[in-house]
Amino acid sequence: LKRHPSAPTLPSSLLRAVLFAAMAMPTGQIAMDEYGNPFIIMEEQAKKKRLKGTEAHKANILAAKAIAESVRSSMGPKGMDKMVISPDGDVLVTNDGATILEKMDVQHHIAKLLVD
């Protein structure tokens, strides 16, 4: 293996740090997509179970219903105010549905689409 003359040389301490970081990274499996491009499946992603078919539809519908239910009582002429507390402790009282959704921390991917 020859080094190209114009290639920069790395100090040995930096090279050791890079090698140590690469060894400390979580391991994964290499797989190929439908176009032949390689990608890495990380261990924590491999442990997650992916929903398929009817189960995925049910989970998405439940997420949409949960988002709708959280805003429903603030809508209309008899809409009630909501008290939203941020992670740093700030309190916001509003009946604006867009503001309520904006302040929510949503984890479900379909629910995030609805909030955005």
Side-chain angles (χ1 to χ4, degrees):
L1 184 66
K2 291 184 178 180
R3 187 179 68 81
H4 192 272
S6 65
T9 58
L10 294 174
S12 61
S13 60
L14 179 61
L15 187 58
R16 279 194 301 263
V18 169
L19 288 174
F20 179 74
M23 291 184 337
M25 288 178 57
T27 58
Q29 298 175 351
I30 296 179
M32 298 287 207
D33 66 3
E34 62 270 14
Y35 301 107
N37 300 323
F39 63 94
I40 299 174
I41 301 172
M42 302 304 289
E43 284 183 10
E44 62 270 5
Q45 292 175 345
K47 293 178 185 175
K48 292 181 181 177
K49 187 174 180 183
R50 188 175 183 136
L51 297 176
K52 296 178 184 174
T54 308
E55 293 298 319
H57 286 286
K58 287 179 184 178
N60 293 343
I61 290 169
L62 285 174
K65 283 184 177 182
I67 294 292
E69 191 63 35
S70 66
V71 180
R72 180 173 291 145
S73 63
S74 67
M75 300 284 186
K78 296 183 181 181
M80 299 186 325
D81 288 345
K82 298 272 187 187
M83 183 184 300
V84 182
I85 302 174
S86 66
D88 60 351
D90 290 340
V91 177
L92 174 70
V93 178
T94 183
N95 68 353
D96 179 28
T99 304
I100 295 167
L101 291 175
E102 179 183 304
K103 300 295 181 182
M104 289 176 69
D105 181 26
V106 180
Q107 299 298 320
H108 192 274
H109 295 293
I110 300 300
K112 279 184 187 178
L113 286 173
L114 291 173
V115 169
D116 291 338

Seminar exercise, completed: When every non-hydrogen atom of Gln107 is compared with those of Lys112, the smallest separation belongs to O-CE, 3.9 Å
For this session: Starting at CD of Glu69, measure out to CG of Leu62 and round the result to the nearest 0.5 Å.
Result: 12.0 Å
Exercise. Going hydrophobic residue to hydrophobic residue with side-chain gaps under 4.5 angstrom, can you get from Met80 over to Val93?
Worked result: no
Exercise. For Lys103, does the NZ atom sit with more than 12 other heavy atoms under 6.0 Å from it, leaving out its own atoms?
Worked result: no
Seminar exercise, completed: Value for CG (Leu114) from CE (Met104), rounded to nearest 0.5 Å, stands at 10.5 Å
Exercise. Any chance the side chains of Asp88 and Ser86 put a donor and an acceptor closer than 3.5 Å?
Worked result: yes
Exercise. If you round to the nearest 0.5 Å, how far is CD1 of Ile100 from CE of Met75?
Worked result: 7.5 Å
Exercise. What's the verdict on side-chain contact (heavy atoms from CB on, under 4.5 Å) for Thr94 and Asp81, showing C-alpha distance, side-chain angles and the deciding distance?
Worked result: CA-CA 5 Å; Thr94 183; Asp81 288 345; over 6 Å; no
Seminar exercise, completed: Applying side-chain contact (heavy atoms from CB on, under 4.5 Å) to Val115 and not counting sequence neighbours gives Ile67, Leu101, Val106
Donor-acceptor contacts under 3.5 Å from residues 52-61 side chains, at least two apart:
| residue | atom | partner | partner atom | Å |
| --- | --- | --- | --- | --- |
| Asn60 | ND2 | Ala56 | O | 3.3 |

Exercise. Cut-off 3.5 Å, side chains only: do Lys82 and Ser73 have a donor facing an acceptor?
Worked result: yes
Problem set entry | Residue pair Val71 / Ser74: nearest heavy atoms and the distance that separates them | O-OG, 2.7 Å
